[in-house]
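These notes are about the structure you will find just below.
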Number of protein chains: 2
Amino acid sequence: MGAFSDTPVYRMVAAAEKAYDVLLQRIQCGQLPSGAFLVEGDLARDLGVSRTPVREAIRRLAAEGLVLTEGRRRAVVREFAEDQVEELYELRARLESYAAARAATRLEAPALEHLRTLATEMEACAAAGTELATACFADLNDRFHQLILDGARGEHLAAALRPVLQIQLLLLQRYRHTIREHLERSCWHHRELIRAFELRDPELAGRQMELHMLSARSAGPSNGAGVGAAVLDPIPEAKR
Amino acid sequence: MGAFSDTPVYRMVAAAEKAYDVLLQRIQCGQLPSGAFLVEGDLARDLGVSRTPVREAIRRLAAEGLVLTEGRRRAVVREFAEDQVEELYELRARLESYAAARAATRLEAPALEHLRTLATEMEACAAAGTELATACFADLNDRFHQLILDGARGEHLAAALRPVLQIQLLLLQRYRHTIREHLERSCWHHRELIRAFELRDPELAGRQMELHMLSARSAGPSNGAGVGAAVLDPIPEAKR
DNA sequence: TTTGCGCATCCTGTATACGAAACTGATCAA
DNA sequence: TTGATCAGTTTCGTATACAGGATGCGCAAA
């Protein structure tokens, strides 16, 4: 970036981390579309590191399911079929429902207060209805759910959910609820969820979250205009 | 193994795979107990490969949650707290319940028949009650559940479940239901599950599986004599 | 024009080298 | 006795080298 961009002086660490971050971002923003090959040497040169950390980053992405590595073939960015949207929504619903149930008996007062604040802010965004407000809503919504996940204090749960969220993000790309009615329904769900937390009722919180997630699915693109099929070329599938 | 054990001739590939398999096995069988350090160089020498594939294997185990790698510190075999048994059981219950629900509308006749066969065999094992029969029961049980998971045809579901099963296996080590009553209850659940599949009823199948899993939890060690705390030495915890 | 084969090239898997961070344990002061 | 400091050693992260399987293209034959 600066004048000394390629001086290997200022940072000898975290090359692998950097490689992972960059690749993840490139995949998520579509710069590396489905079917694109990840060539270790090229990426290494591109990122200014050696093949070793690039390799590690690719393996990590493969472990998360974003990239396919088969035998000695080049790694390729996975293509996700439309019918997986359904599975991801349901999977997420089950996992986040469990998160909510756990959070119900574990959320501390400050976290609860934080949730209320976020809910209020989301309501404001939903009321505004501008594009910017909608984007803001999405961000707040992510934080809302993340806060609940943190509150659930389930390590394995969080680990299981992570790739699901990542892949869903990738599949739905920039799709976000934009219809006012959906936003308002979400806000309603959030309030109900908070109420369940206040009651410290795991069962209720779980059900509420499940409802919330599955409702989002119905509002989502899985039953409407395609989200997948955005691939320009039928890039020759890695064979066998 | 043979007279040419260290000739690097017969196989130049799959060193990483081998390293992973060996390490996984050593962790699961307790040869590498919780808290043990995984030193790349030592393992490399031990396995007769270089550090590179060993490193890859360790990262893979870390991604699956069996091993902790923090910064530049040595990788260490994770220690699982007793209170995680609960989480794992519930997580597994939610995921396998979803698997059963999906399988209900996807299982083909041959697979269903296979399930019936396994159920019958398990019943025989339960009736026998010998130690061998019990071990056999456990194996059949695993295959039963795996068959359902396959039948669910949910790729992300399977990916999410994998580490959960692996960690649970590790935590419960060699613990298996041995009490006759539990085995019989399991058999009953299996039959009910199969009935739900025959009815092609996702809701029923899901509930049945959830019941089955949570019932196993109650019968399990999480509320009885300790399973953790089997560590002999209080191996100096990796600090910070 | 299409299909199959062979060769040049690319790319990956593994091994090895090297600098830097972390660990060890021995010494010294309070 | 206890706690901190520091130098030697260990171990890791990254870079680089090399061998062999994958890839892709040209050319010949149908």
Side-chain angles (χ1 to χ4, degrees), chain A residues 4-23 32 35-63 66-78 233-240, chain B residues 5-23 32 35-63 67-78 233-240:
Chain A
F4 309 99
S5 60
D6 57 347
T7 54
V9 176
Y10 61 105
R11 226 186 9 163
M12 264 333 229
V13 292
E17 198 74 17
K18 171 183 168 184
Y20 174 80
D21 291 342
V22 171
L23 287 184
L32 284 170
F37 288 120
L38 298 176
V39 178
E40 295 175 4
D42 295 352
L43 293 170
R45 207 173 325 108
D46 190 13
L47 299 177
V49 297
S50 80
R51 270 181 57 208
T52 311
V54 170
R55 196 179 162 70
E56 183 175 321
I58 290 175
R59 294 316 176 98
R60 206 165 138 197
L61 290 166
L66 294 179
V67 157
L68 290 177
T69 61
E70 217 179 318
R72 282 186 159 109
R73 284 176 248 282
R74 289 169 287 186
V76 52
V77 179
R78 260 206 68 168
D233 284 306
I235 295 172
E237 184 81 48
K239 281 146 210 158
R240 277 180 63 184
Chain B
S5 59
D6 57 346
T7 53
V9 176
Y10 61 106
R11 234 198 348 176
M12 268 326 232
V13 290
E17 198 74 17
K18 171 184 169 185
Y20 173 80
D21 291 343
V22 171
L23 287 182
L32 284 170
F37 289 120
L38 299 176
V39 178
E40 296 175 4
D42 295 352
L43 293 170
R45 209 172 326 106
D46 190 12
L47 298 177
V49 299
S50 79
R51 270 180 59 209
T52 312
V54 171
R55 196 179 162 71
E56 183 175 322
I58 290 176
R59 295 315 177 100
R60 207 166 138 197
L61 291 167
V67 157
L68 290 177
T69 62
E70 217 181 318
R72 282 189 159 103
R73 283 176 249 282
R74 288 170 287 185
V76 52
V77 179
R78 263 207 63 168
D233 285 305
I235 295 172
E237 183 82 47
K239 280 148 209 155
R240 279 180 63 183

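Chain letters run A, B, ... following the sequence lines, proteins first and then strands; every chain starts at 1.
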For this session: Would you please confirm or rule out a distance under 4.0 Å between OP1 or OP2 of C/dT24 and any side-chain N or O of B/Arg74?
Result: yes
Problem set entry | Of residues 45-59 of chain B, the positions that come close to DNA chain C - non-hydrogen atoms, cut-off under 4.0 Å | B/Val49, B/Ser50, B/Arg51, B/Thr52, B/Pro53
Exercise. Of all residues at least two apart in sequence or in a different chain, which pass the side chain to side chain donor-acceptor pair (under 3.5 Å) check with A/Arg60?
Worked result: none
Exercise. Over how many whole Å does the gap from B/Phe37 atom CZ to D/dC12 atom C1' extend?
Worked result: 14 Å
Exercise. CD1/B/Ile58 to CG/B/Leu43 distance, rounded to the nearest 0.5 angstrom?
Worked result: 5.5 Å
For this session: Would you please name every residue forming a side chain to side chain donor-acceptor pair (under 3.5 Å) with A/Arg59, sequence neighbours left out?
Result: B/Glu56
Exercise. Checking all strands, does A/Leu38 fall into the base, sugar-phosphate, or nothing category for heavy-atom contacts under 4.0 angstrom?
Worked result: sugar-phosphate
Problem set entry | Sequence-distant partners of A/Asp46, side chain to side chain donor-acceptor pair (under 3.5 Å), two or more places apart | A/Arg26
Problem set entry | Whole angstrom value for the distance that separates C1' of C/dA22 from CZ of B/Arg72 | 9 Å
Seminar exercise, completed: With sequence neighbours left out, the residues meeting side chain to side chain donor-acceptor pair (under 3.5 Å) with A/Asp42 are A/Arg45
For this session: Rounded off to whole Å, could you give me the NZ-to-P distance for the A/Lys18 and D/dT14 pair?
Result: 11 Å
Problem set entry | Separation of atom CD in B/Glu40 from atom C1' in C/dA21, rounded to whole Å | 14 Å
Exercise. Roughly, in whole Å, what's the span from CG in A/Leu68 to P in C/dT12?
Worked result: 14 Å
For this session: Could you list the residues that satisfy side-chain contact (heavy atoms from CB on, under 4.5 Å) with A/Ser50, not counting sequence neighbours?
Result: A/Thr52, A/Pro53
Exercise. Atom CG of A/Leu43 and atom C1' of C/dC11: how far apart are they, to the nearest Å?
Worked result: 12 Å
